[in-house]
Amino acid sequence: MTNVGAEARTETDLMAIVTELLESYPPSRTNPVEFWGAQFDLGLAYVHFPKGLGGLEIPPSYQELVQSELRKAGAPNNFFRNPIGVGMAAPTVFTHGSRELAERLLRPCFTTEEIWCQLFSEPGAGSDVASLATRAERDGDLWIVNGQKTWTTLAHVSRWGMLLARTDPDLPKHKGLTYFVVDMQTPGVEVRPLRQITGDAEFNEVFFNEVRVPDSQRLGNVGSGWSGAITTLMNERLSIGGNIAPRNSGAIGEALKIIKNSTHVTPEQKADFMKLWTSAEAGRLLNIRAGQTRSAGNPGPEGSVAKLLYAELNKKIYSFAIDLLGHDGLLYESYEMHRPDFTDEQGDRIRATYDLPKAFLRSRANSIEGGTSEIMKNILGERVLGLPGEPRIDKEKSWAETPRN
Ligand SMILES: Cc1cc2nc3c(=O)[nH]c(=O)nc-3n(C[C@H](O)[C@H](O)[C@H](O)COP(=O)(O)OP(=O)(O)OC[C@H]3O[C@@H](n4cnc5c(N)ncnc54)[C@H](O)[C@@H]3O)c2cc1C
């Protein structure tokens, strides 16, 4: 039986803390970094984390209540400034790192004073990231890292990276991995831009040449990196697809503006728009429900459902909107290389600065980043529907003996 009285008390107490935050740090007059610092110190960053580490030790389902009050009050959104840090690194460090690491890293991550990147994908390991080849070899209290990562979003502005590396090539691929946090300012870390179809270079190649990482920056046990990676990936999928935006915002909001301003809209186009709008609204409501019912700290396959839905729908919405624009949809402001740093004053304004043709091109990446749609379907088939898994001939074989790309 649920304890209704206790729940109501928790909610009342929580709302009092939210009110204290908003009254002491009015969003319109407070520097965003200061606001996020106060939010963290009051335990409203990740409500299920311990006190002193950004939380209040109450169930994670209460976080959505906080977010919704903050949205209504026009509070700045740190997610867009430090998406990998806030959405993925913080839950991973909390779940798998030592208390000392969590105390050192969580607050500046939440305030966005320290930006984070994710060092998983490699030229020969994307969907099958467990087959990665970057090596970390132990040398006393240090690990020496050599290898190459790719598609590393925001590495060019990051202070910290979440690194998955191979520490034992003789074990099967999932078992020989260890997880580290790496200071991106360490000698031997080299970041080079990779340019996208939009002209932007939001991601990078990262080279590791004899990089020395202290053992104190290891997350979890040696050889248990895959379990940490799963925490990161599940949170990544939720971060990408589980965003609860206000009704008629985001891609569907853009399409709505265009259809309202179009002089020639056919009945077929109206019907197509309504189908897209209904799917977008259903996805939004689904995310609200998933947020409210999440009882464990880290998300499960619902993040993959949200990610698949969002990625495919976003591409359809932008294709529809660009068609409505007609010739204007072909105009592109500039392909000059731009290095986004997501450090816009308000944090979340970055999205609003996207023009539509650019957003259309950028949306092509939605079904690749954070795991492709094909991989999301595999996960749903296997973990949600219980369908037979793909044949995995390399599951028990040593990584060193397995042929790779
Ligand atoms: C915008 C963007 C940002 C990114 N940011 C980061 C980042 O910050 N850090 C990071 O580590 N990575 C990042 N990535 C990399 C991303 O995670 C990989 O691109 C993705 O996992 C796919 O890997 P791949 O590109 O190597 O493609 P591959 O794995 O080579 O896949 C090629 C094709 O084969 C299909 N395929 C592969 N395996 C299967 C299978 N078992 N069943 C069915 N189909 C399959 C795929 O769906 C895809 O269509 C980013 C990617 C993008 C586009």
Side-chain angles (χ1 to χ4, degrees), residues 1-82 85-88 90-91 93-95 99 102-103 106-112 234-235 238-239 241-249 281-300 302-303 306 346-348:
M1 211 173 83
T2 55
N3 188 339
V4 178
E7 270 179 30
R9 262 198 315 281
T10 307
E11 202 170 310
T12 313
D13 293 349
L14 186 61
M15 285 305 101
I17 305 174
V18 173
T19 306
E20 184 190 337
L21 172 68
L22 292 171
E23 282 178 1
S24 309
Y25 300 86
S28 59
R29 283 182 276 126
T30 308
N31 173 293
V33 170
E34 197 187 338
F35 183 89
W36 295 322
Q39 183 181 348
F40 187 93
D41 295 339
L42 285 168
L44 299 175
Y46 304 92
V47 293
H48 56 295
F49 284 14
K51 291 177 185 162
L53 286 180
L56 294 166
E57 289 164 52
I58 59 174
S61 49
Y62 286 104
Q63 188 68 46
E64 180 40 32
L65 207 59
V66 175
Q67 298 310 122
S68 122
E69 290 304 306
L70 295 185
R71 272 196 301 273
K72 272 191 245 158
N77 188 340
N78 57 358
F79 176 78
F80 293 120
R81 196 181 280 190
N82 191 13
V86 172
M88 298 148 61
V93 169
F94 169 65
T95 309
R99 174 86 194 190
E103 279 171 2
L106 291 183
R107 194 177 188 280
C109 171
F110 194 77
T111 62
T112 76
M234 289 304 180
N235 280 289
L238 196 75
S239 292
N243 182 26
I244 302 167
R247 179 177 290 162
N248 294 337
S249 66
E281 186 58 11
R284 201 179 72 83
L285 296 175
L286 190 74
N287 279 339
I288 293 177
R289 197 175 64 177
Q292 285 167 346
T293 55
R294 189 167 308 122
S295 52
N298 284 305
E302 77 271 16
Q346 282 296 313
D348 53 350

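Bear in mind the structure is a predicted one, so any value in this text is a computation, not a measurement.
- A salt bridge links Arg71 with Glu64: the distance from a Lys NZ or Arg NE/NH1/NH2 to an Asp or Glu carboxylate oxygen falls below 4.0 Å.
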**Report entry** From CA spacing to verdict: side chain to side chain contact (heavy atoms under 4.5 Å, CB included), Val33, Asn78
**Finding:** CA-CA 8 Å; Val33 170; Asn78 57 358; over 6 Å; no

Report task. Check the pair Phe35 / Leu22 against side chain to side chain contact (heavy atoms under 4.5 Å, CB included), numbers first and verdict last. Result -> CA-CA 9 Å; Phe35 183 89; Leu22 292 171; 4.2 Å; yes

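- To the nearest 0.5 Å, the span separating OH on Tyr62 from CD on Gln67 amounts to 15.5 Å.
- Considering every non-hydrogen atom in both Ala90 and Cys109, the closest pair reads CB-SG, 4.5 Å.
- The pair Lys51-Glu57 fails the salt-bridge criterion, with no side-chain N (NZ, NE, NH1 or NH2) lying under 4.0 Å from an Asp/Glu carboxylate O.
- Between Pro50 and Arg99, the closest heavy-atom pair is CB-NH1, 4.1 Å.
- We find the CG-CG distance between Leu56 and Leu44 to be 6.0 Å, quoted to the nearest 0.5 Å.
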**Report entry** Residues Glu69, Thr19; criterion side chain to side chain contact (heavy atoms under 4.5 Å, CB included); working and verdict
**Finding:** CA-CA 9 Å; Glu69 290 304 306; Thr19 306; over 6 Å; no

Requested in this report: Begin from the C-alpha positions of Leu70 and Leu21 and carry the test side chain to side chain contact (heavy atoms under 4.5 Å, CB included) through to its verdict.
Outcome: CA-CA 9 Å; Leu70 295 185; Leu21 172 68; 4.0 Å; yes

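- For the atom pair Tyr25 OH and Leu42 CG, the distance stands at 7.0 Å (nearest 0.5 Å).
- Across all non-hydrogen atoms, the minimal contact from Ala306 to Asn287 is CB-OD1, 3.5 Å.
- Separating the OG1 atom in Thr95 from the CG atom in Asn235 is a distance of 7.0 Å, to the nearest 0.5 Å.
- Classification of the Tyr46-Phe110 ring pair by plane angle, with boundaries at 30° and 60°, yields perpendicular.
- Here the side chain of Gln63 pairs a donor or acceptor atom with the backbone of Ala45 at under 3.5 angstrom.
- Residues Asn82 and Trp36 are not in side-chain contact: their nearest non-hydrogen atoms beyond the backbone lie 4.5 Å or more apart.
- Here the closest non-hydrogen pair linking Gly54 and Phe49 is C-CB, 4.5 Å.
- You'll find the side chain of Met15 reaches within 4.5 Å of the side chain of Val18, heavy atoms only.
- Side-chain contact between Arg81 and Pro76 is absent, with no heavy atoms from C-beta onward closer than 4.5 Å.
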